[in-house]
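So the structure is just underneath, and the comments pick up after that.
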Amino acid sequence: MLSRRPGSPLIFTAIAATVVLLPLAVHGVPGDDAPRAAEAPRVVEQPLTDLGGGETIREIHQDTPFSMVALTGEDLSGTTARVRAKKADGTWGPWFEAETLHGLGPDPAHPRGTEPVFIGRTTTVQIAVRRPPDAPRTGPAEHAPATQPDLGYVPANVEQPFAQNINAVLITPPQAPVDSLPVPSAVTPPGTPPNIISRAQWGADETIRCPNPQYDNKIVAGIVHHTAGSNEYAPEDSAGIVRSIYEYHTRTLGWCDIAYNALVDKYGQVFEGRAGGIDKPVEGAHTGGFNRDTWGVAMLGNFDVTPPTPIQVRTTGRLLGWRLGLDQVDPRGTVVLASDGSSFAKFPLGAAPLLPTIFTHRDVGITECPGNAAYALMDQIRDIAARFNEPPGPVDLAESLRGGAIFARWESMGGMNSYLGAPTSPEASGEGPTRYVTFERGAIYWSPATGAQPITGEIYKAWGALGFERGALGLPTSGEIHEPQWIVQNFVHGTLNFDREHGTVTRVLDGVPLELPLVEEVPVPLERFPPPTSLA
């Protein structure tokens with residue numbers, strides 16, 4: 001956040017600041033690799049005049065909804081900011097700290113800024129700005145010269161005049177349809193990175209960035225961040241949040257590109273960040289003084305109190321395990337990094353601290369990022385990264401199911417302590433819309449028509465031998481029904497009945513009973529067979 005260390009004096013210089021409200025935009029979302037012409041958002045500025053020393057709260061309204069807010073200024077030393085949104089029922093949401101972006105060193109050509117704070121869809125926000133007691137009052141807005149060269153992008157070394165004031169910049173994008181998102185999963189084969197949503201898929205407008213990415217020799221460490229703001233976003237919101245951050249970093253702050261190399265949302269979706277190749281040593285702008293030879297990943301959300309979701313933690317760990325592995329970096333190791341210096345860095349120019357190969361923004365910067373709750377999980381993230389080449393365990397598999405109907409049914413049965421036991425596979429597709437997961441002692445099959453139904457024991461073996469959902473009985477429509485002599489389970493076209501006394505299974509199809517031969521083991525579903533290997 002915009003803050004000072006305890007005991008240090010507040011320092012203030014003339015401030016030119018901008019409050020940026022970024023939209024919940026979706027332009028080119030996951031599901032289509034083809035680049036899209038993303039129309040630039042509509043930008044409206046509202047000056048926040050007559051702000052002096054101390055804390056001043058200003059209310060900003062715009063008829064067009066927006067979803068993200070940031071503060072910018074030539075110098076934000078000694079300044080803090082908080083933002084809250086007005087809800088649809090007229091009440092106010094919680095306050096969110098606007099944390100300072102520490103990606104780049106001082107540059108008089110561009111304003112300094114905070115992270116764009118996600119506050120959810122709203123038309124009205126309150127922004128509390130606290131400045132030093134002797135801060136001069138802000139005045140009316142001044143406008144930049146109308147004639148500027150059109151380069152097709154915003155270069156980081158071209159001066160962009162900003163007025164000596166504080167402005168609310170409201171950015172509203174054109175509406176765009178939401179495509180199908182990939183199903184996020186913390187479970188991937190050993191040595192395979194999580195699914196990564198490309199820049200084209202999340203709708204990056206490649207004309208607004210600098211054309212030539214800067215490459216380092218190799219990546220020697222990973223740095224974990226958070227983006228701040230509300231954690232209450234839907235999976236289809238994430239692409240718009242990423243695009244808004246990109247828009248803010250490039251157009252508003254004048255940076256060459258989005259600061260981070262990758263971003264991970266609370267649903268386990270991974271978004272490609274800075275252009276140039278996610279598997280290449282592209283230098284980002286995420287950690288002032290320590291951008292060289294490092295790879296920055298930001299978790300979407302605020303984790304000061306609330307921890308990142310389990311799938312977010314596991315995906316971040318696996319992503320770092322994959323990326324560091326490309327350069328043979330031990331995720332549990334250490335590295336000496338020389339500081340390039342920054343006004344927000346803990347280490348002066350030339351200092352060379354010993355750091356973990358996976359560390360956080362706060363380890364080297366004057367910031368709370370990535371929040372106390374996330375910082376407490378760093379050892380877990382390092383362990384997940386180090387186990388990147390190991391097969392996923394039961395906990396990984398269970399987390400990959402969270403949020404689905406199969407997980408809900410399994411959890412209602414007792415989860416790991418249920419008679420099905422732990423999951424042994426990720427969710428898979430069966431015939432048509434069928435989805436299923438195998439467990440230690442059975443499976444759960446789901447379809448829109450039948451819901452999620454567990455199946456286990458001798459009935460599961462017999463049903464599998466008959467062809468699973470592709471057989472004559474079709475999908476199960478109930479769980480087991482226990483009777484004195486029989487255990488009965490209903491299917492779309494009949495029943496299977498287990499005789500407790502004799503240990504046999506009888507199929508009833510069209511009213512005709514047929515005792516089935518005993519089955520020693522559950523057959524493997526067709527989807528579980530590996531594809532045939534072609535011979536050279």
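In this structure, Ile258 and Leu263 have side chains that are in contact, with non-hydrogen atoms separated by less than 4.5 Å. Side-chain contact between Arg314 and Val395: present, with at least one pair of heavy atoms (C-beta onward) separated by less than 4.5 Å. The shortest side-chain heavy-atom distance between Val305 and Asn372 does not fall under the 4.5 Å cut-off. Between Leu320 and Val224, the closest side-chain pair of non-hydrogen atoms falls below 4.5 Å. Residues Ile119 and Phe96 meet the side-chain proximity criterion, which asks for heavy atoms closer than 4.5 Å. Looking at heavy atoms from C-beta onward, Asn302 lies in side-chain contact with Asn231 at the 4.5 angstrom threshold. The shortest distance between side-chain heavy atoms of Val329 and Ile219 does not fall below 4.5 Å. Residues Asp216 and Trp295 form no side-chain contact, since every pair of their non-hydrogen atoms from C-beta on lies 4.5 Å or further apart.
In terms of modelled atom types and a separation under 3.5 Å, the side chain of Ser230 and the main chain of Gly120 share no donor-acceptor contact. A donor-acceptor distance shorter than 3.5 angstrom exists from the side chain of Thr309 to the backbone of Lys266, with no hydrogens or angles considered. No donor-acceptor pair closer than 3.5 Å links the side chain of Glu283 to the backbone N or O of Asn291. Side chain of Gln62 to main chain of Thr64: a donor-acceptor pair is present (N/O by atom type, distance under 3.5 Å, no hydrogens or angles). Side-chain N or O atoms of Asp265 include none that pairs as donor or acceptor with a backbone N or O of Ser238 at under 3.5 Å. Listed for the Thr227 side chain is a donor-acceptor partner under 3.5 Å among the backbone atoms of Gly301. Judged purely by atom type and a 3.5 angstrom limit, Tyr248 uses its side chain to pair as donor or acceptor with the backbone of Thr114. Side-chain atoms of Thr357 come within 3.5 Å of backbone atoms of Pro331 as a donor-acceptor pair (strictly under, hydrogens ignored). Using modelled atom types, no side-chain atom of Arg243 and backbone atom of Ala204 make a donor-acceptor pair closer than 3.5 Å. Using a distance-only test at 3.5 Å, with no hydrogens or angles considered, a donor-acceptor pair links the side chain of Asn261 to the main chain of Val282.
A search for side-chain hydrogen bond (donor to acceptor under 3.5 Å, both in side chains) contacts involving Thr294 returns nothing, not counting sequence neighbours. Applying the salt bridge (Lys or Arg N to Asp or Glu O under 4.0 Å) test to Arg130 and every residue at least two apart in sequence or in another chain returns Glu55. Applying the ring-ring contact (aromatic ring centres under 6.0 Å, His included) criterion to Phe407, with sequence neighbours excluded, gives Trp410. Applying the side-chain hydrogen bond (donor to acceptor under 3.5 Å, both in side chains) rule to Asn212 yields no partners; only residues at least two apart in sequence or on another chain are considered. Not counting sequence neighbours, the partners of Asp379 by the side-chain hydrogen bond (donor to acceptor under 3.5 Å, both in side chains) test are Arg382. For Thr56, the side chain to side chain contact (heavy atoms under 4.5 Å, CB included) partners two or more places apart in sequence, or in a different chain, are Leu51, Arg58. Residues passing the salt bridge (Lys or Arg N to Asp or Glu O under 4.0 Å) test with Arg362 are Glu368, sequence neighbours excluded. Scored by the salt bridge (Lys or Arg N to Asp or Glu O under 4.0 Å) test, Asp340 finds Arg292 as partners (sequence neighbours excluded). Not counting sequence neighbours, Glu272 has no partner by the side-chain hydrogen bond (donor to acceptor under 3.5 Å, both in side chains) test. In this structure Asp383 satisfies the salt bridge (Lys or Arg N to Asp or Glu O under 4.0 Å) test together with Arg332, sequence neighbours excluded. For Ala376, there are no side chain to side chain contact (heavy atoms under 4.5 Å, CB included) partners two or more places apart in sequence or in a different chain.
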Test log, rule side chain to side chain contact (heavy atoms under 4.5 Å, CB included), inputs Trp95 and Gln126 = CA-CA 9 Å; Trp95 286 103; Gln126 287 183 341; 4.0 Å; yes
Tell me, with the steps shown, if His61 and Thr123 meet side chain to side chain contact (heavy atoms under 4.5 Å, CB included).
-> CA-CA 6 Å; His61 174 80; Thr123 57; 3.6 Å; yes
Determine, stepwise, if the pair Lys346 / Val364 fulfils side chain to side chain contact (heavy atoms under 4.5 Å, CB included).
-> CA-CA 5 Å; Lys346 290 181 178 178; Val364 296; 5.6 Å; no
Between Arg199 and Asp257, does a side chain to side chain contact (heavy atoms under 4.5 Å, CB included) hold up when you go through it step by step?
-> CA-CA 12 Å; Arg199 290 172 63 91; Asp257 198 346; 3.2 Å; yes
Evaluate the salt bridge (charged side-chain N to carboxylate O under 4.0 Å, His left out) criterion for residues Asp396 and Arg387: first the C-alpha distance (whole Å), next the side-chain angles of each, then the deciding distance (0.1 Å), finally the verdict.
-> CA-CA 12 Å; Asp396 301 288; Arg387 298 197 308 269; 5.1 Å; no
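Val335 and Ala221 make their closest contact through CG1-CB, 4.1 Å (heavy atoms, listed as atom of the first residue, atom of the second, distance). Heavy atoms only, all atoms of each residue included: Cys256 and Arg209 are closest at O-CB, 3.0 Å. Counting all heavy atoms, side chain and backbone alike, Ile311 lies closest to Gly268 at CG2-N, 3.9 Å.
Screening residues 319-331 for side chain to side chain donor-acceptor pair (under 3.5 Å), with sequence neighbours left out, gives Arg323-Asp327.
The CG atom of Leu300 sits 4.5 Å away from atom OH of Tyr233, with the distance rounded to the nearest 0.5 Å. To the nearest 0.5 Å, atom CG of residue Leu355 and atom CZ of residue Phe290 are 6.0 Å apart. For the atom pair CD of Gln312 and OG1 of Thr315, the computed distance is 8.0 Å after rounding to the nearest 0.5 Å. The distance from the CE atom of Met68 to the CZ atom of Arg121 is 14.5 Å, given to the nearest 0.5 Å. Expressed to the nearest 0.5 Å, how far CG of Asp304 lies from SG of Cys369 amounts to 9.0 Å. For the atom pair CZ (Phe271) and CD1 (Ile245), the distance works out to 10.0 Å, reported to the nearest 0.5 Å.
By the 30° and 60° cut-offs, the orientation of the rings of Phe303 relative to His226 is tilted.
In this model, no donor atom of one side chain and acceptor atom of the other lie less than 3.5 Å apart for Asp205 and Tyr246.
Counting non-hydrogen atoms of other residues, nucleotides and ligands closer than 6.0 Å to CD of Gln380 gives a total above 12.
For the pairing with His286, the ring pair (Phe, Tyr, Trp, His ring centres under 6.0 Å) check across His249, His225, His361 returns one residue only, His225. When each of Leu71, Val69, Val129 is checked for a side-chain contact (heavy atoms from CB on, under 4.5 Å) with Val83, only Val69 meets the rule.
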